[in-house]
Amino acid sequence: MGDLSRLVLKRLGFGLLTILVVSVLIFFAVELLPGDIAQAVLGQGATEETVAAMREQLGLDRPAPVRYFEWLFGAIQGDFGVSLVSGERVSAAISGRFVNTLFLASYAAVIAVPISILLGVFTALYRNTIFDRVANVATLSTISSPEFFLGYILILFLAIRAAAFPAISSISGDMSLVDLLYRTFLPMLTLVLVVTAHMMRMTRAAIINLLASPYIEMARLKGTPPWKVIVKHALPNAWAPIINVVALNLAYLVTGVVLVEVVFVYPGIGQLLVDAVAKRDFPVVQACCLIFAATFILLNLSADVGAILTNPRLRHPK
Amino acid sequence: MSTFVVLYYTALIGASCLAAYYEKRSVFMLIFSLTLVSFVLGIIGGVGALRFVALSAGLLALAAGTAYAFREFLIQISKPNLAKELRTAPLTAAFGMFVIFTYAIAGIFAPWIAPHGEAEVIGQAFQPPDANMLLGADQLGRDMFSRIIYGARNSVGLALIATLLAFLMGTMAGLFAAVKGGWFDQVMGRVADVIMSVPSLIFALLMLSIFGTGLHVIVVVVAVIYSPRVFRLTRAVAGNIVVMDFIEAAKLRGEKDWYLIRREILPNATAPLIAEFGLEFCFVFLLIAGLSFLGLGIQPPTADWGSMVRENATLISFGDITPLIPAGAIALLTVAVNFVVDWMLFRTSGLKEQ
C-alpha cells in the first residue's frame with residue numbers, strides 16, 4: 001500500500017503545482033495590461049493625481065512578485081482583496097454566490113450521473129441498433145448546441161408556453177429546499193441535457209472498448225448469462241473509465257454553468273465573473289478565475305486518482 | 001377525433017404493416033414503437049403533441065430526402081475515385097455536407113442574398129414579420145433575416161480564422177516538437193498542459209477582460225486556447241511517424257527538419273488532422289458564440305448570431321421563437337460539421353469493427 005499512497009501523493013503534488021502555475025498565469029496576465037491596472041480602470045481622461053492615488057491605494061508601487069505572494073496567501077485564506085468598482089471585499093461578494101453555483105452544479109450532477117451511466121451502458125449493449133443510432137444523433141445534437149440555445153428552448157416551452165416552471169431562477173437563503181429545487185429546475189435541466197450527452201457518449205465508448213476484450217468473449221463462450229458477464233466480468237474493469245468520465249464531466253459542468261447562469265439570471269459566481277469582465281473589475285475576475293480553475297483542476301485530479309485506485313495496472317508504470 | 005388524428009394513425013399503422021411485410025425489422029420496430037408512444041402522447045398532450053410529432057417526422061423525412069439528393073448530386077459531379085468514397089457516406093454525413101454548403105453560399109454571397117444591410121434601421125423595434133421583413137425586426141428595427149444571413153459571414157468567418165490560426169500554431173509546434181524532441185518537446189508539452197488545465201471559457205474571459213474585445217484579440221486568444229489540443233494530436237501522430245524507417249533514411253540523406261516535416265511527415269498525417277480540424281472548428285465556434293452571447297465577442301452593429309440571441313432574448317418571454325433562429329443556426333452548423341467528421345473518422349480509422 002505504501003507504493004499506492006506514494007503514487008497518489010505524487011499525483012496530488014502535481015495537481016497543486018498546476019494550480020500554482022495557473023495562479024501565476026492569472027496574476028501576471030493582468031500585469032500584461034498596457035500601462036497598469038490604475039490607468040486601465042480610470043481610462044484616458046484621468047488626471048495624473050487620481051492615477052497616482054489609485055496606484056497608492058492598490059499598492060502598485062511595490063514589485064509584482066511581492067504583490068503576487070501577498071495575493072496568493074490572501075487567496076488561500078479566502079481574502080481576494082477589494083473590488084475596484086463597488087469597493088466591497090471580493091470574498092464577501094463571492095462566498096454566497098459560490099454556494100449557489102455549487103448547489104446548481106451538484107443538483108445537476110446528482111440527476112445526470114446515474115441517468116447517463118445507465119443510458120451509456122444500454123447504448124453500448126445494444127450498439128448498432130435503432131436505439132443506439134437515435135441516441136447517437138440525439139446526443140450529438142445536444143453537444144453541438146450552445147448552452148444558451150437549450151436554455152432558451154426550455155424557457156420557451158416549459159416556462160412561457162406551458163408555464164410549469166419559472167423562467168428566472170431568483171433564489172434567496174430563506175426558501176425551503178423544495179422551493180429551491182423547483183426554482184432552479186430549468187437551469188438544472190439545461191446542464192443535465194448537455195452533461196448527460198457527453199457522459200453517455202464517453203461511457204458508451206469505454207464499455208464498448210471493454211466488451212471487445214478477449215476475456216469477455218471467453219466468458220460468453222463458456223455460456224455465462226449476459227447479465228452475469230456484465231456484472232461480474234465487465235463492471236469491475238469498467239469502474240475506472242466510468243469514474244474518469246464522471247469526474248471529467250463534472251469538470252465540464254464548471255464551465256457550462258457560466259452561460260446557464262447568465263441565461264436564467266441565476267445569482268451564481270459565473271454571472272459575477274461575466275459582470276466583472278464587462279466592468280474590468282480585475283480583483284473579482286482574478287478571484288473567480290482562480291476558483292473556477294482550481295475546481296476544474298481538482299476534479300481532473302480526482303479523475304486521475306480514481307483511475308489509479310480502481311485500476312491496479314496503473315500502479316506499476318512500465 | 002379530428003381527421004388529422006385519424007390520418008395520423010392510419011399512416012403510422014399502414015407504414016408499420018408495410019415494413020413488416022417487406023421484413024424491414026428495425027424500420028418496423030421504429031414505426032410501431034412510435035405508434036405506441038403516440039397513444040400516450042395523444043392522451044397527455046392532445047392533438048397538438050401529435051401535430052408536433054408529425055411535423056418533426058416530416059422535417060426529418062425532408063432532411064433525409066435532401067441529403068440523399070445532395071449525395072447523388074455530389075457523386076455525379078465528382079471524379080470516379082472521389083465518387084466511390086462518397087457512395088459510402090451515410091445520409092447524416094451527406095446532410096452535414098449539404099448544410100455546410102448552404103452556409104458557405106449564405107456567407108459568401110451575403111450582400112446579394114440579404115434584402116437589407118446588416119446595420120440598416122428600416123422599421124420599428126420588434127416589428128412583427130411582413131412581406132418586407134421576413135422574420136420581423138430586431139430590438140433596433142433592423143431586418144432580422146438580413147442579419148442572420150450576414151451572421152453566417154461574420155460568425156462563421158471569425159470562427160474559421162481563429163481555427164486556422166489555432167491549427168497553424170498547434171500543428172507547427174507539434175511537428176517541430178516531434179522532429180526535434182529534447183527540451184523543445186518538453187517545454188511545449190508543459191505549456192500545453194498548463195493552458196489545457198484552465199477551462200477554456202474562463203481563460204477566454206480572463207484574457208478578454210485584460211485585452212479588451214477587439215476582433216484580433218478574440219482570434220488570437222481563442223487560437224491560443226485551442227492550439228494545445230491540436231498540438232497534442234499532432235505530436236502523437238507525428239511521434240508515431242518519426243520512428244519509421246523512411247524518416248531515418250531521409251535523415252541519413254541529410255534532409256533538413258523542414259523537408260522532413262513537409263515531405264515525409266505531413267502527407268502521412270493529413271487524415272487525422274483534417275478530422276481534427278472539423279472538431280476544432282466546432283469547439284471554437286461554440287466558444288466564440290458563447291462569448292458573443294455574453295456580450296464579449298463580436299461587437300455591434302456587426303451582425304453575429306451569439307449576440308443576436310442575447311439582444312432579442314426579451315422576445316422569448318412573449319412566446320416568440322425568432323431569437324432562437326440564430327441560436328439554432330449555430331447548433332445546426334455544429335451538428336453538420338460533427339456528422340461529416342464522424343464519417344471521416346469512421347473512414348480513416350479502425351472504428352469499423354465496433
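Note: hydrogens, waters and symmetry copies are ignored here, and every other heavy atom, side chains too, is used. A note on names: the letters A, B, ... follow the listed sequences, proteins ahead of strands, and every chain is numbered from 1.
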**Q** Between B:P199 and A:F292, what is the shortest heavy-atom contact and its length?
**A**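 Looking at all heavy atoms of both residues, the shortest contact is CG-O, 4.3 Å.
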
**Q** So among A:L301, A:I297, A:N300, which one has a side-chain contact (heavy atoms from CB on, under 4.5 Å) with B:S197?
**A**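 Only match with B:S197 under side-chain contact (heavy atoms from CB on, under 4.5 Å): A:I297.
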
**Q** Can you tell which part of B:L206 gets under 4.5 Å to a heavy atom of chain A, answering side chain, backbone, both or neither?
**A**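 Contact with chain A is through both the backbone and side chain of B:L206.
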
**Q** Which bit of B:D320 is near chain A, if near means a heavy-atom gap under 4.5 Å: side chain, backbone, both or neither?
**A**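 The backbone, not the side chain.
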
**Q** To the nearest 0.5 Å, what is the distance between OG1 on B:T334 and CD1 on A:I143?
**A**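 B:T334 atom OG1 to A:I143 atom CD1 measures 11.5 Å (nearest 0.5 Å).
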
**Q** Starting at CG of B:L315, measure out to CD1 of A:I160 and round the result to the nearest 0.5 Å.
**A**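 It comes to 11.0 Å.
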
**Q** For B:G306 and A:F148, which heavy atoms make the closest approach, and how far apart are they?
**A**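 The pair with the smallest heavy-atom distance is CA-CZ, 4.4 Å.
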
**Q** Could you report the tightest heavy-atom contact between A:R280 and B:I210, atom names first, then the distance?
**A**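 Distance-wise, the nearest heavy atoms are NH2-O, 2.6 Å.
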
**Q** Of the backbone (N, CA, C, O) and the side chain (C-beta and beyond), which part of A:Y152 lies under 4.5 Å from a heavy atom of chain B, both, or neither?
**A**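 Interface part for A:Y152: both.
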
**Q** Give, for atom CE of B:M196 and atom OG1 of A:T18, the distance between the pair rounded to the nearest 0.5 Å.
**A**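 Going from CE on B:M196 over to OG1 on A:T18, the span is 13.0 Å.
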
**Q** Provide the closest heavy-atom pair for A:S144 versus B:N338 in the form atom of the first, atom of the second, distance.
**A**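 Closest approach of A:S144 to B:N338, heavy atoms only: OG-ND2, 3.0 Å.
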
**Q** Please classify the contact between B:I316 and chain A as side chain, backbone, both or neither, with a heavy-atom cut-off of under 4.5 Å.
**A**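 For B:I316, backbone and side chain are both near chain A.
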
**Q** Which region of B:M29, side chain (C-beta onward) or backbone (N, CA, C, O), has a non-hydrogen atom less than 4.5 Å from a non-hydrogen atom of chain A, or is it both or neither?
**A**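 B:M29 has no heavy atom closer than 4.5 Å to chain A.
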
**Q** What part of B:F283 is in contact with chain A, defined as an atom under 4.5 angstrom from a non-hydrogen atom: side chain, backbone, both or neither?
**A**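 Neither part, no heavy atoms under 4.5 Å.
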
**Q** Between atom CG of B:L201 and atom CG of A:L273, what is the distance when rounded to the nearest 0.5 Å?
**A**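 Rounded to the nearest 0.5 Å, the CG-CG separation comes out at 8.0 Å.
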
**Q** Hey, which of A:A294, A:A29, A:A293, A:A276 has the most heavy atom pairs under 4.5 Å with chain B?
**A**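 Heavy-atom pair counts peak at A:A29.
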
**Q** With chain A, which of B:L324, B:V198, B:L30, B:L287 has the greatest number of heavy-atom pairs at distances under 4.5 Å?
**A**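 Heavy-atom pair counts peak at B:L324.
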
**Q** Which of these passes side-chain contact (heavy atoms from CB on, under 4.5 Å) with B:I202: A:I26, A:I291, A:V285, A:V258?
**A**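 Per the side-chain contact (heavy atoms from CB on, under 4.5 Å) rule, the option paired with B:I202 is A:V258, out of A:I26, A:I291, A:V285, A:V258.
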
**Q** Run B:I330 and A:F149 through side-chain contact (heavy atoms from CB on, under 4.5 Å) and show every step you take.
**A** CA-CA 9 Å; B:I330 296 171; A:F149 182 48; over 6 Å; no

